[in-house]
Amino acid sequence: DRGAPVDAATFCSLIRNGDQMMENDKWKQVVEQHYSPEELAHWAENPPPAGFDQEAYSRQWQELGARIDAALPLDPAGDEAQAFVAEWDALLAPFRAVATPQMMAGAKSFWEQSERHEGHVQMPFSRAAMAFIEEARKARTG
């Protein structure tokens, strides 16, 4: 704003933050397609607990998805597959703690239509990883 020169570190930070803001806006548009205004208000009224690090949480999903993709193909009933299911469920726990049944349905709708959102937003894991987790869950309860 002052017209002062910007050092390289500040410039890079501005680019990163700008990219993150654009990604957040894209996610907001996608989320609004799957949740009602009432459900969105519920999220606003029930924020994550203090100290919750959304960036770290997103990174955990990306890392888990990448590890699953790298391990495929796997026996869905095998120990490694079931360990992935347990890790997936542990990461999902904060969402399940505040989500209503309707919100869970919205999440399911989102993932069922995830192909539609690819290229628009950065997905945290592949459809193959998601499908594998569902298959491994069925093998566990099968």
Side-chain angles (χ1 to χ4, degrees), residues 1 4-142:
D1 286 346
V6 176
D7 62 75
T10 302
F11 184 67
C12 289
S13 176
L14 289 170
I15 291 171
R16 269 193 310 277
N17 290 334
D19 287 347
Q20 185 62 45
M21 287 173 30
M22 288 173 53
E23 184 70 13
N24 289 345
D25 287 344
K26 289 177 184 177
W27 269 107
K28 183 176 184 257
Q29 292 171 8
V30 169
V31 166
E32 287 173 346
Q33 295 174 26
H34 296 279
Y35 293 101
S36 71
E38 295 80 15
E39 290 166 334
L40 294 172
H42 177 79
W43 287 122
E45 293 165 5
N46 296 282
F52 181 79
D53 184 344
Q54 181 62 50
E55 284 185 38
Y57 185 64
S58 295
R59 237 182 352 269
Q60 288 175 305
W61 278 112
Q62 291 168 350
E63 290 167 2
L64 176 58
R67 285 189 289 118
I68 292 170
D69 286 336
L72 294 178
L74 273 180
D75 173 13
D79 291 343
E80 187 176 4
Q82 293 308 308
F84 280 139
V85 171
E87 191 174 348
W88 188 283
D89 288 345
L91 275 176
L92 195 54
F95 175 77
R96 285 185 171 148
V98 296
T100 65
Q102 294 82 9
M103 294 166 97
M104 292 297 289
K108 183 177 182 193
S109 167
F110 170 80
W111 289 109
E112 287 172 349
Q113 299 176 37
S114 64
E115 183 175 352
R116 200 176 97 193
H117 306 302
E118 287 177 350
H120 184 69
V121 293
Q122 174 65 40
M123 303 303 273
F125 44 79
S126 70
R127 285 192 320 261
M130 175 77 170
F132 176 75
I133 289 296
E134 291 304 315
E135 188 179 351
R137 270 200 186 105
K138 289 176 186 169
R140 176 181 62 192
T141 60

| message | Using side-chain heavy atoms (C-beta onward) and a distance below 4.5 Å, is Trp88 in contact with Met130? | response | yes

Stepwise side chain to side chain contact (heavy atoms under 4.5 Å, CB included) check, Gln102 with Glu38: CA-CA 10 Å; Gln102 294 82 9; Glu38 295 80 15; over 6 Å; no

Minimal heavy-atom distance between Pro94 and Leu91, with the atoms involved, is CD-O, 3.2 Å

So does Pro76 get a backbone contact from the side chain of Gln82, meaning a donor-acceptor N/O pair under 3.5 Å?
yes

One should read off an interatomic distance between Trp61 CH2 and Glu87 CD, to the nearest 0.5 angstrom, of 9.0 Å

CG (Leu64) and CD1 (Ile133) are apart, to the nearest 0.5 Å, by 6.5 Å

Quiz item: For Asp79, does the CG atom sit with more than 12 other heavy atoms under 6.0 Å from it, leaving out its own atoms?
Solution: no

Do Ile68 and Phe125 make a side-chain contact, defined as non-hydrogen atoms from C-beta onward lying under 4.5 Å apart? no

Between Leu72 and Ala128, the two heavy atoms sitting closest are CD1-O, 4.3 Å

Taken to the nearest 0.5 Å, the spacing of Gln60 CD from Asp53 CG works out to 8.5 Å

#### Entry: Presence of salt bridge, Lys138 and Glu135, under 4.0 angstrom
no

